[in-house]
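Below is one structure, written out as structure tokens; the observations come after it.
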Amino acid sequence: SLSRYNYEQYHSLDEIVRWMRHMNKTHANLVSMFSIGKSYEGRKLLVLKLGEKNASYKRAVWLDCGIHAREWIGPAFCQWFVKETINAYYNEPEFKKVLSLLDFYVMPVLNVDGYHYSWNTDRFWRKTRSKYRFNCYGVDANRNWKVNWCEEGASLNPCDSTYCGPSPESEPEVKAVAKFIYKRRKRIKAYMSFHAYAQMLLYPYSYQYDYIPNFKCVESAANKAVEAIRSAYGIRYRHGPASSTLYLSSGSSIDWAYNNGIPYSYAFELRDTGYYGFMLPDSLIKPTCAETMLAVKNITMHALKKC
Amino acid sequence: HLYNNRYAGDKVIRIVPKNDKEANELKNMYHQLQVDLWKPNSISSILKDTVTDVHTSSNSSRTLLDYLRKANIKHKILVNNVQKLLDMQNSSRPTRHRR
């Protein structure tokens, strides 16, 4: 029963879509669901908007999960976030105020084709499921954004896991999200994307080692966010620019979002650090999501203030 | 078995090359064996001291482990049998929630 949806378990794409429809129906005062386009294989690209429905101009925060198909803890977190945000609206006066001031756009599964393929066929699939002229399937959806596309840390070989695609935004999923965010870039104050695994909180740049202009603000918010994560269960996350904290990669969503005017742009690499890797068990969904929720709330509050 | 038992005997191995020579040899090995690289995302990112996590098939893991032992390269098996772990995680769910 959807009223007893289990957030401490991974779900198939069909189950996630059913859950999204259910949330749209049962929390109509706070939630609205819409499609921003279609995937390569023709699936709807669904987004939930969370926030009080008032006529005023509202700032926004964007969250996406499941850019890489095998990183299942991402979509699990996005669902957890929606559930917790609705709970917080009714139980936390401060958060109720936040939802009157801003909207959250949540895309639980960006790479829907890849997630479906990972669930049913190849658990460790990473890329999309597009196919162009060559024999290999898929593009790395985090190398396909129009920002220093296909330079360091990306590959022009269609058979590589970091294939950047035949052109920037070749993937309909990437193009649809980019179009949606670009249209609302003045309202969106934070962009957050959820991946696994490394236990890191990363910000731009990914494609080069230079510091971003508002480094102090972004670094300060990241520092507080990882402290919030640690306060929950003692789990340590590293944080810093993606290029030096993780590795160089071009065409990433956080660089694109930042270059298009979104001041706080982060990629979370959730649990763990390799014991289970992509196969994080159901039992660790709750602590992972609970600690990440604190970080997201922290960043949201930071993004609402002047820095 | 989930996924038609395709991951039977697969392993996930962690290797950290301690110098440039080991890093280059490891990159060649990964290319030859066509491993599923979990960390980092790309073989070209592998340098000295880079933590590399690779998912290999049963056959490839034998070849890789033989090579690592002969070359005296430190390594750790993170997951000894991927299929077993996936099936175990599935069976720990209530029956009605099992895939």
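Residue numbers begin at 1 in each chain, while the letters A, B, ... track the order of the sequences. Nothing here was measured: the structure is a model prediction, and the numbers come from that model.
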Go through the atoms of [X] and report whether side chain, backbone, both or neither lie under 4.5 Å from a heavy atom of chain B.
{"X": "D122(A)", "value": "both"}
{"X": "S161(A)", "value": "side chain"}
{"X": "D282(A)", "value": "side chain"}
{"X": "F124(A)", "value": "both"}

Full working for side chain to side chain contact (heavy atoms under 4.5 Å, CB included) between L85(B) and Y276(A): CA-CA 9 Å; L85(B) 180 57; Y276(A) 290 110; 4.1 Å; yes
Take atom [atom1] in [X]; do more than 12 heavy atoms of anything else shown fall under 6.0 Å from it?
{"X": "K83(A)", "atom1": "NZ", "answer": "yes"}
{"X": "Y10(A)", "atom1": "OH", "answer": "yes"}
{"X": "K18(B)", "atom1": "NZ", "answer": "yes"}
{"X": "N4(B)", "atom1": "CG", "answer": "no"}
{"X": "E152(A)", "atom1": "CD", "answer": "no"}
{"X": "Y211(A)", "atom1": "OH", "answer": "no"}
{"X": "K131(A)", "atom1": "NZ", "answer": "yes"}
{"X": "E41(A)", "atom1": "CD", "answer": "yes"}

Find out whether [X] and [Y] are in side-chain contact, i.e. whether some heavy atom of one side chain is under 4.5 Å from a heavy atom of the other.
{"X": "N41(B)", "Y": "R126(A)", "value": "yes"}
{"X": "D36(B)", "Y": "R70(A)", "value": "yes"}
{"X": "R6(B)", "Y": "T121(A)", "value": "yes"}
{"X": "Y197(A)", "Y": "D53(B)", "value": "yes"}

Closest contact, heavy atoms only, [X] versus [Y]:
{"X": "T273(A)", "Y": "R14(B)", "value": "O-NH2, 2.6 Å"}
{"X": "Y247(A)", "Y": "P40(B)", "value": "CE2-CB, 3.5 Å"}
{"X": "Y3(B)", "Y": "W119(A)", "value": "OH-O, 3.3 Å"}
{"X": "Q89(B)", "Y": "M279(A)", "value": "NE2-O, 2.8 Å"}

L78(B) versus chain A, heavy atoms under 4.5 Å apart: side chain, backbone, both or neither? both
Quick one: what part of L2(B) sits under 4.5 Å from any heavy atom of chain A, side chain, backbone, both or neither? neither
Find the distance between CZ (R123(A)) and CD (Q83(B)) and round it off to the nearest 0.5 Å. 12.0 Å
Pick whichever of V51(B), V12(B), V82(B) has the most heavy-atom pairs under 4.5 Å with chain A. V82(B)
